[in-house]
Amino acid sequence: MQILTKLSSYRGEKGNAANIALARGLANDLDSTSLDQLVAGLQRDDKKVRHDCLKVLYELGYLKPEAIAVYCSTFIQLLAAKDNRMVWGGMIALSTITPLAYKEIYSALETVNNAINKGSTITKDSGLRVL
């Protein structure tokens with residue numbers, strides 16, 4: 001999982017500069033293997049790695065939503081996570097891909113609404129963009 005070594009947490013950096021730079025790099029030079037590794041990183045035990053992977057993915061969604069739209073079901077699953085950061089990050093990711101994955105998102109509307117109703121301000125704001 002070579003791409004994970006480029007994450008802020010792996011580099012020992014505070015903040016998200018490395019994660020945002022990684023998203024920009026992926027937007028310019030799309031690599032499906034790296035994307036798969038980032039999605040797999042969402043399941044890691046290390047919370048910082050999970051959060052960084054999600055940050056890169058939704059930042060990429062802002063820049064090139066078609067690159068992450070294929071992971072729509074993964075982002076929907078995150079809406080039921082116990083880690084609030086994963087919930088609102090998943091909702092942000094969904095908000096970037098809604099025009100491309102509206103059918104899949106619509107089929108999970110109850111899950112989206114539940115997350116909005118129970119979620120933080122970020123979850124609610126991003127959820128409204130999904131709706």
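Just so it is clear, the structure is predicted and the values come from calculations on it, not from any experiment.
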Exercise. Could you walk me through whether Leu7 and Leu38 pass the side chain to side chain contact (heavy atoms under 4.5 Å, CB included) check?
Worked result: CA-CA 10 Å; Leu7 298 172; Leu38 288 167; 4.1 Å; yes
Problem set entry | Partner of Val56 under side chain to side chain contact (heavy atoms under 4.5 Å, CB included), chosen from Leu26, Leu35, Ile20 |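 Going through Leu26, Leu35, Ile20 one by one, the side chain to side chain contact (heavy atoms under 4.5 Å, CB included) with Val56 is satisfied by Leu26 alone.
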Counting only pairs under 3.5 Å, give me each side-chain donor-acceptor contact of residues 94-103, with atom names and distances, residues two or more places apart or in other chains.
from	atom 1	to	atom 2	distance (Å)
Ser95	OG	Ile92	O	2.6
Thr96	OG1	Ala93	O	2.7
Thr98	OG1	Leu94	O	2.7

Problem set entry | Pairs satisfying side chain to side chain donor-acceptor pair (under 3.5 Å), at least one member in residues 105-117, at least two apart |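 The answer is none; no pair qualifies.
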For this session: Output every pair passing side chain to side chain donor-acceptor pair (under 3.5 Å) with a member in residues 7-28, not counting sequence neighbours, ordered by first then second residue.
Result: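 Listed once each, the pairs are Ser8-Asn19, Ser9-Asp52, Tyr10-Arg44, Arg11-Glu13, Asn16-Asn19, Asn19-Asp52.
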Spacing of [atom1] belonging to [X] relative to [atom2] belonging to [Y], to within rounding of 0.5 Å:
{"X": "Gln37", "Y": "Cys53", "atom1": "CD", "atom2": "SG", "result": "9.5 Å"}
{"X": "Gln77", "Y": "Gln43", "atom1": "CD", "atom2": "CD", "result": "7.5 Å"}
{"X": "Met91", "Y": "Leu128", "atom1": "CE", "atom2": "CG", "result": "9.0 Å"}

Problem set entry | Atom NZ of Lys6: over 12 foreign heavy atoms under 6.0 Å |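 No - once you tally the heavy atoms of other residues, nucleotides and ligands closer than 6.0 Å, there are 12 at most.
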Exercise. For Asp125, what residues pass the salt bridge (charged side-chain N to carboxylate O under 4.0 Å, His left out) criterion, not counting sequence neighbours?
Worked result: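 Asp125 satisfies salt bridge (charged side-chain N to carboxylate O under 4.0 Å, His left out) with no other residue.
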For this session: Can you sort out the partners of Glu104 under salt bridge (charged side-chain N to carboxylate O under 4.0 Å, His left out), two or more places apart, ordered by chain and number?
Result: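 So Glu104 forms no salt bridge (charged side-chain N to carboxylate O under 4.0 Å, His left out) with any residue.
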Problem set entry | Stepwise side chain to side chain contact (heavy atoms under 4.5 Å, CB included) check, Ile116 with Val130 | CA-CA 10 Å; Ile116 291 169; Val130 169; 5.9 Å; no
Exercise. Among the clusters formed by ILVMFWY side chains lying less than 4.5 Å apart, do Leu57 and Val70 turn up in the same one?
Worked result: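 Both belong to a single hydrophobic cluster.
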Exercise. Under 4.5 Å between side-chain heavy atoms, hopping through other hydrophobics if needed: is there a path connecting Tyr71 to Leu63?
Worked result: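 Result: no, two separate clusters.
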Exercise. Heavy atoms, side chains only, cut-off 4.5 Å: are Asp31 and Ile3 in contact?
Worked result: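 Contact flag for Asp31/Ile3 side chains = no.
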What side-chain donor-acceptor pairs closer than 3.5 Å can you find for residues 78-90, not counting sequence neighbours?
from	atom 1	to	atom 2	distance (Å)
Asp83	OD1	Arg85	N	3.0
Asp83	OD2	Arg50	NH2	3.4
Asp83	OD2	His51	NE2	2.7
Arg85	NH2	Tyr58	OH	3.4

For this session: Start with the C-alpha distance between Phe75 and Ile68, add both sets of side-chain angles, then the distance that settles side chain to side chain contact (heavy atoms under 4.5 Å, CB included), and finish with yes or no.
Result: CA-CA 10 Å; Phe75 301 132; Ile68 68 165; 3.9 Å; yes
